[in-house]
Every structure is written in structure tokens, then in C-alpha cells.
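Notes follow once the structure below has been shown.
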Number of protein chains: 2
Amino acid sequence: MAKPLRKDAQRNRDLLVAAARELFAERGLDVPLEEIARCAGVSIGTLYNRFPGRGELVGAVFADRVAATRALAEEALAMPGAWDGLVHLLEGVCALQAADLGYNALASGRGPSSAVSGEILAEGRDLMRRIVTRAQESGELRPDVTLEDMVFVIWGHARTVEATAEIAPRLWRRHLALLLDGFRAPAPGPLPEPPLTPEQARRAMSPHRPP
Amino acid sequence: MAKPLRKDAQRNRDLLVAAARELFAERGLDVPLEEIARCAGVSIGTLYNRFPGRGELVGAVFADRVAATRALAEEALAMPGAWDGLVHLLEGVCALQAADLGYNALASGRGPSSAVSGEILAEGRDLMRRIVTRAQESGELRPDVTLEDMVFVIWGHARTVEATAEIAPRLWRRHLALLLDGFRAPAPGPLPEPPLTPEQARRAMSPHRPP
DNA sequence: TGGGAAGTTGAGGCCTGCCTCAAGTCGCTA
DNA sequence: TAGCGACTTGAGGCAGGCCTCAACTTCCCA
């Protein structure tokens with residue numbers, strides 16, 4: 001355990017995280033660090049003292065969102081209806097994406113490399129697997145999709161949310177409903193192409209792959 | 001009509017467009033202009049002589065793609081099956097998105113402001129409307145979707161293509177198949193949220209909206 | 001073929017954002 | 001309350017990308 005920060009240092013840290021949370025949510029993860037510092041009422045040097053780089057700041061800001069996402073998955077699994085549970089989780093994640101440009105970038109795999117990365121999703125991987133399996137066993141989710149296909153929902157949403165956040169902030173629900181209808185059993189026909197392997201999914205979701 | 005360029009100037013212009021086409025396709029629309037000039041074997045000044053800015057260069061590079069997209073829509077309308085026609089068009093656009101990062105950015109509304117913009121889609125707007133209407137009249141496309149909902153396919157695809165182009169270059173077909181299954185009649189239930197109005201769609205698709 | 005218009009060049013100014021570090025300030029504990 | 005060490009500060013160096021312009025070269029037509 002690291003030794004506790006001095007009182008003023010802790011206060012500045014909190015101000016920085018709060019400022020970053022707001023700016024990331026509104027404008028995405030690329031806001032200039034100098035602007036975050038200014039907005040927190042602190043010098044840029046202080047920001048660099050506290051966080052080696054953008055990745056660590058992003059990590060600090062979104063730690064609670066990772067937890068919230070996990071909680072969402074637990075709620076989903078506790079729901080009586082298997083399909084309803086799956087929908088609850090996906091709607092919840094999409095709502096977070098819609099409410100926060102930074103979360104949206106992170107969830108769709110475009111965070112700074114040292115950030116929580118795919119953690120938001122990797123976090124509850126087996127939780128998620130159980131949700132998917134359960135929905136397939138109940139006959140509501142088409143049997144030919146896999147856990148890995150669920151990222152299509154997150155990826156599919158990412159751009160819609162960006163494009164319509166200011167114009168029709170609730171429109172994403174329509175897009176999601178259409179997507180979910182595609183996941184319903186019975187499958188109208190077989191799917192082309194095999195799903196991503198878990199390893200491919202991991203690579204596809206981690207930002208900035210090597211050339 | 002502008003007067004024809006001098007022979008060497010025309011040659012340089014062609015080299016620039018060719019270089020830009022290649023770099024845009026591989027790396028997206030943000031490649032440094034200096035790199036395009038270098039790759040064309042021409043100085044940066046020449047690039048600026050020929051094209052006032054990135055937007056005009058993008059316009060010159062993608063003019064033929066706009067035409068190709070229109071041709072695709074015409075083919076679609078000429079096909080005997082209404083649903084097959086719709087699928088032909090959407091698959092074609094998605095294939096172009098998958099093959100060319102620049103087209104992908106442009107089609108999903110993230111081009112430089114003065115570029116062909118939504119033209120790729122606006123281009124064949126009534127062509128598209130006829131394709132959609134026909135598929136609904138034949139009872140294959142669910143009746144509660146509108147022309148404006150078709151951008152969900154393009155937007156939905158944009159991020160999937162980016163994330164998987166190098167890892168599983170054919171995977172997008174699986175995502176598209178799932179999406180299309182959501183568009184099939186009969187609708188499993190009503191959709192939440194009204195669709196975008198044409199005006200909203202126009203705004204959502206044009207890049208860099210004002211604050 | 002000679003001269004002028006059209007075209008080319010690339011160094012350099014500008015801007016934005018990243019990151020550092022020497023000097024100064026402040027909080028905590030003895 | 002003195003003093004040490006933790007913390008803050010912000011000017012400034014660096015890098016990348018945009019764009020300009022004065023000097024130079026090339027083409028084309030009279």
C-alpha cells in the first residue's frame with residue numbers, strides 16, 4: 001500500500017479527477033491535459049506529479065465505471081428472465097456509452113494504451129458468459145452467437161452515439177432495439193463467418209495494436 | 001470550365017491523388033499532408049498549390065467512390081428480389097468500408113468539413129428510398145423502419161471494421177448478417193423512439209457540427 | 001527560340017499539445 | 001514553532017503538423 005498523500009496533494013488529486021471526469025464525459029478522452037489542469041485550478045506540473053500520463057488519469061477517472069458495469073452484470077444475472085437480463089446489461093452499457101463520451105471511447109476499445117483498456121468488458125467476462133449461456137439455454141438468444149459477438153453491440157453503438165448525442169440523444173435506443181432483434185431466437189438463417197476467437201477478441205478490443 | 005493544367009502540373013496532380021488514395025485507404029483521412037506529398041515525390045508547396053486543403057484532396061480522391069456507390073444502388077434496384085437488392089447495396093457499402101479506412105470515415109460522417117461529406121449517402125438518396133420502399137412492399141423488410149434507419153448499418157459497421165480489419169478481415173460479414181436479421185420482417189415487437197427526421201439525419205451525418 | 005506565365009520548391013513561421021525541472025511554497029511532525 | 005521533505009509552479013524545450021512565400025525552374029506559344 002502506498003503511503004497516504006499529504007492533505008493538499010490529496011485535494012488536488014481529487015480536483016484533477018473531478019475535472020477530468022467532466023471533460024472526458026463531454027469531449028472524449030483526447031482533451032488536452034493542460035486544459036484539465038486549468039479546469040481543476042492546478043498547474044500542469046501538478047497533474048504530471050500525480051499521474052505519469054493520460055492513461056493513469058483515465059484509469060483513476062473510470063475506476064468507478066468499471067465497478068458500475070460489473071454491478072450491472074450482476075443485476076442482469078439476478079433477473080428472472082434470461083433474455084431480459086441480457087437486455088438489461090446491454091442497455092445499461094449503452095446508456096453509459098451515451099452519457100459519457102469517454103466511457104464510449106473506452107468501451108469501444110479506443111482508450112490510451114495504459115488505461116483500463118478492455119477492462120470494462122474483460123472485468124466481467126465470465127459473468128457475461130453466464131448471462132449469454134443462460135439466455136441461449138432459455139431459447140431466447142439465438143444459439144449460433146457467442147460471447148465474442150456481444151462486442152458488436154458495443155462497437156455498433158459507439159459511432160451512433162457519437163453522431164447523435166446532441167441531435168437525438170435517445171435515438172440509440174432504437175438502434176439497440178434493431179440490433180437486439182437480430183440476436184433473438186429463432187435465427188432466420190445461418191451466420192456467415194465464424195465468430196472471433198477469445199484471443200482475437202482480446203486483440204481487437206485492446207487499443208493501438210502494434211503494426 | 002477551368003482551363004486545363006499544364007502537362008507537368010497535371011502529372012503532379014495525378015501523382016498526389018494516387019498517393020493520397022493509397023494512404024487514405026490504409027491509414028484513414030488524417031495522414032499528414034506532408035507525408036502524402038513526400039509519397040507522391042512532390043513538395044508540400046505543390047500540394048497546396050493544387051488543393052487548398054485536405055477537404056479538396058479528399059474530394060478528388062473519393063469522387064469515383066461516390067460514383068461506385070451510386071452504381072451499386074442502381075444494381076440493387078435492378079435485382080429481381082427486393083430484399084436481395086437491399087442486401088446487395090448494404091453489403092457493397094460495407095465491403096467498401098472494410099477495404100478503405102478513408103471511405104469508412106467518410107461514409108460514417110467523419111470527413112474533413114469541406115469534403116464530399118454525406119454526399120456518398122446523400123448522392124443516391126431517392127434511389128435508396130426506392131430500394132427501401134420496395135423491400136417493405138414485398139414484405140421482407142420490417143415496415144416500422146425508415147430510410148433514415150439505414151445509417152445504423154453504416155455507423156454500426158464503422159467501428160467494427162476499424163477494430164477488426166487486421167485481425168479478422170472478413171468478420172464484418174458476421175456483424176452485418178446479425179444487423180440485417182434485425183431488419184427482417186416480421187418485426188418481433190415495436191421499436192422504441194421515433195426514427196431520425198430527414199433533417200436530423202442530414203445533421204447527424206455531416207461532420208464537425210457546430211457547438 | 002526566347003520570354004513570360006505557370007508551376008515548383010522547401011526553409012521557416014505558426015500553433016498546439018506533451019513533458020521537464022529548478023526554484024519556490026507549504027504541511028507535518030518532533 | 002522550526003525545519004525537512006513533500007508538493008506546486010510555470011516558463012520553456014521539444015515534436016508534429018499546418019501553411020506561406022520569395023526565389024527558382026519548366027513549359028508553351030508567338
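Residue numbers begin at 1 in each chain, while the letters A, B, ... track the order of the sequences.
Between atom CG of residue A:L191 and atom CG of residue A:D144 there is a gap of 4.5 Å, rounded to the nearest 0.5 Å.
Every residue meeting the side-chain contact (heavy atoms from CB on, under 4.5 Å) condition with A:A201, not counting sequence neighbours, appears here in chain and number order: A:E148, A:L196. Checked against salt bridge (Lys or Arg N to Asp or Glu O under 4.0 Å), B:E75 has no partners two or more places apart in sequence or in another chain. In this structure B:R173 satisfies the salt bridge (Lys or Arg N to Asp or Glu O under 4.0 Å) test with no other residue, sequence neighbours excluded.
The distance between atom CG of B:L57 and atom C1' of D:dG17, rounded to the nearest whole Å, is 15 Å. Between the CD atom of B:E56 and the P atom of D:dC19 there is a distance of 10 Å, given to the nearest Å. Note: CZ (B:R54) to P (D:dG17) measures 10 Å, nearest angstrom. When rounded to the nearest whole Å, the span between CD1 of A:I44 and P of D:dG12 equals 17 Å. Put simply, OH on A:Y48 is 23 Å from P on D:dA6, counting in whole angstrom units.
Checked options B:L57, B:V58, B:I36, B:V61; the residue passing with B:F51 is B:L57 (criterion: side chain to side chain contact (heavy atoms under 4.5 Å, CB included)). Screening A:D30, A:L29, A:L23 against A:R27 for a side chain to side chain contact (heavy atoms under 4.5 Å, CB included) leaves a single residue, A:L23.
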Pick out the pairs of N or O atoms, protein on one side and nucleotides 27-30 of chain D on the other, that lie under 3.5 Å.
from	atom 1	to	atom 2	distance (Å)
D:dC28	OP1	B:K7	N	3.2

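Applying the 6.0 Å contact sphere to CD of A:Q200 captures more than 12 heavy atoms from other residues, nucleotides or ligands.
Put simply, chain A comes within 4.0 Å of DNA chain C, heavy atom to any atom, from C:dG17 to C:dC28, going 5' to 3'.
At a non-hydrogen distance threshold of 4.0 Å, A:P32, A:L33, A:E34 from residues 23-42 of chain A come into contact with DNA chain C.
Residues B:Q10 and B:L5 come closest through the heavy atom pair OE1-CD1, 3.5 Å. Here the closest non-hydrogen pair linking A:L47 and A:L33 is CD1-O, 3.6 Å.
For the pair A:W155/B:T164, a side-chain contact is recorded, criterion being any heavy-atom separation below 4.5 Å from C-beta on.
Ring pair B:H175/A:F152 is parallel by interplanar angle, where below 30° counts as parallel and above 60° as perpendicular.
Nucleic acid contact class of A:R11 (heavy atoms, under 4.0 Å, all strands): none.
If you find the closest nucleotide of DNA chain D to B:G45 and to A:S43, the one lying nearer the 5' end belongs to A:S43.
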